[in-house]
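Throughout, a chain's letter reflects where its sequence line sits, starting with A, and its residues are numbered from 1.
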Number of protein chains: 2
Amino acid sequence: MKDLYPSRIGQETKIVERKDPVIHSDSSQSNGPLNKKELDFYEENGYLLFEKMFSDEEVEIMKRELDGTMEANESREADDVIKEPGSNEIRSVFETHKDGSFFEALSKNERLVKIAEQLLGDQVYINQSRINFKPGFKGKEFYWHSDFETWHVEDGMPNMRAVSCSIVLTDNYEYNGPLMLIPGSHKWFVSCPGETPDANYKSSLQKQELGVPDNESMKWLVDQAGGRIDRATGPAGSVLFFECNTMHGSAGNISPYPRSNVFFVYNSITNKLQEPFSGKEPRPEFLANRENVQPITPVSGDITKQKTE
Amino acid sequence: MKDLYPSRIGQETKIVERKDPVIHSDSSQSNGPLNKKELDFYEENGYLLFEKMFSDEEVEIMKRELDGTMEANESREADDVIKEPGSNEIRSVFETHKDGSFFEALSKNERLVKIAEQLLGDQVYINQSRINFKPGFKGKEFYWHSDFETWHVEDGMPNMRAVSCSIVLTDNYEYNGPLMLIPGSHKWFVSCPGETPDANYKSSLQKQELGVPDNESMKWLVDQAGGRIDRATGPAGSVLFFECNTMHGSAGNISPYPRSNVFFVYNSITNKLQEPFSGKEPRPEFLANRENVQPITPVSGDITKQKTE
């Protein structure tokens with residue numbers, strides 16, 4: 001398969017134009033939940049933020065499930081449980097959308113799935129899921145990156161036809177390390193220098209060293225955005241959709257307010273993972289789903305009445 | 001001399017009420033530049049931000065002088081030149097207000113001095129000065145602290161009768177690690193655990209470990225503020241005055257936008273430094289002025305016509 005977005009193949013950074021559409025459905029014909037204004041915003045900026053898509057009651061239940069999952073994994077040493085650098089505190093638990101869990105049902109909720117389907121113009125499946133916790137006082141920064149760069153090189157995702165969905169379970173303020181996004185950055189692919197080592201994910205999930213843009217490229221992308229850096233702030237229950245290639249990152253969090261969210265990556269069913277373009281072994285299933293991939297049948301309904309096992 | 005604010009004397013954190021007034025002049029009689037509304041805001045919140053007190057032309061000159069001072073100190077290894085942790089990049093140069101320098105003249109500028117005099121109800125002198133540079137992409141966080149705690153314990157500043165003045169030379173946005181302040185925190189003194197080692201300043205200027213509030217106290221202070229954490233954002237040329245005991249800190253800066261500022265600490269001439277309350281040797285002159293301390297005679301005029309040597 002032709003590599004449309006070569007990266008980590010030389011010593012240089014190169015910025016090339018995106019080769020895929022941003023919105024894959026024909027917006028004049030699509031009948032999804034998003035209106036023209038929302039589609040235009042997403043196409044232009046590479047993200048969409050919905051304030052309080054979930055009610056306080058629903059958020060409470062999600063938080064309880066998140067806390068339970070965190071606790072259940074507290075003393076488990078495993079690749080899919082990511083600790084803060086230099087600490088024993090859990091930052092993320094991966095692969096939360098399987099085994100009939102609460103989060104599996106949530107990932108199929110039609111409020112989320114129908115938006116993903118409309119943006120991607122296709123049926124979708126979950127390529128990756130996780131719950132994230134960023135503690136107050138000492139939450140570490142996460143440097144700028146495009147998720148697609150890693151998913152393409154290390155997982156073999158062929159095209160830019162995926163969207164990340166983050167359900168924020170805590171109020172996100174300007175001062176507790178909210179996700180920052182460079183609007184419009186999804187229209188460019190930053191081909192990064194370096195070569196991917198074997199099992200790179202073991203260190204990159206704590207601190208990404210490869211596939212990060214150099215200062216000059218970052219400056220260029222921000223300049224294209226007219227100097228804008230947007231932040232995904234809003235009350236708990238808000239939902240952020242961002243394009244798989246949108247450059248994003250977050251500063252540390254010294255405020256007393258922790259942040260947590262549920263994170264699903266929806267991928268088009270016709271954009272399934274191939275062999276990694278790095279030529280290396282694929283990353284494990286918990287980071288990049290390949291097994292039994294089936295399109296999601298959206299489930300309607302109230303999260304508070306959702307079956308949990 | 002009685003220690004009004006004991007700290008670093010035991011294993012516990014204790015929050016005690018401030019014993020000094022916040023505004024030391026009689027506001028009904030004072031005829032300084034600040035009006036009643038501004039004085040009330042400072043008394044209540046512990047800081048005052050003036051947007052664009054200096055013109056773009058003045059800022060350009062200050063930036064040139066700052067860059068020149070940074071460059072002149074680039075290869076100088078000295079205690080008064082502070083590097084970023086784990087890097088050779090300069091973060092701060094101290095004691096910039098002496099030897100007839102540009103910054104000495106700036107520190108005497110009446111636009112600044114008359115505000116300090118009005119707040120402190122007295123003639124003032126510079127207790128400490130520095131220029132700060134926080135690089136883009138990799139600017140490190142600075143954790144919450146009250147300057148007064150250190151100045152009291154390590155320098156022997158007896159009372160809370162000093163004010164810090166920060167002239168920002170770069171636009172400060174929400175996303176390039178602006179100074180954050182806890183409004184109202186200046187009304188409480190957080191007595192911290194631990195004991196000050198000899199020459200603590202040699203490490204604390206890079207990363208402060210002692211005299212920082214514990215999580216519970218920080219949470220309490222933010223709760224007193226009704227959950228507010230304010231940020232000193234604004235265009236270059238803005239000036240922030242903040243009370244010596246106001247709890248402040250800043251997150252890291254991964255944006256491409258660096259931050260720089262000029263920093264003067266005005267102290268009341270009747271609040272001169274005594275023996276440090278830690279019982280240790282005083283910190284060096286470049287951090288805490290004791291020699292030839294004289295009240296400033298304010299100088300009027302245009303920064304752009306200021307004599308530089």
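Of the listed residues A/G227, A/P178, A/G249, A/G177, the one with more heavy-atom pairs under 4.5 angstrom with chain B than any other is A/G227.
For the pair B/L221 and A/P256, the minimum side-chain heavy-atom distance is 4.5 Å or more. A 4.5 Å side-chain heavy-atom check between B/M218 and A/I254 finds every atom pair outside the cut-off.
When the ring-ring contact (aromatic ring centres under 6.0 Å, His included) test is applied to B/F94, the partners found at least two apart in sequence or on another chain are B/F286.
Nearest heavy-atom pair across B/G252 and A/A251 is O-CB, 4.0 Å.
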Note each donor-acceptor pair with a separation under 3.5 Å, taking one atom from chain A and one from chain B.
{"unit_1": "A/W144", "atom_1": "NE1", "unit_2": "B/I254", "atom_2": "O", "d": "2.6"}
{"unit_1": "A/Y175", "atom_1": "OH", "unit_2": "B/G227", "atom_2": "O", "d": "3.3"}
{"unit_1": "A/G227", "atom_1": "O", "unit_2": "B/Y175", "atom_2": "OH", "d": "3.4"}
{"unit_1": "A/G227", "atom_1": "O", "unit_2": "B/Y257", "atom_2": "OH", "d": "3.0"}
{"unit_1": "A/I254", "atom_1": "O", "unit_2": "B/W144", "atom_2": "NE1", "d": "2.6"}
{"unit_1": "A/Y257", "atom_1": "OH", "unit_2": "B/G227", "atom_2": "O", "d": "3.0"}

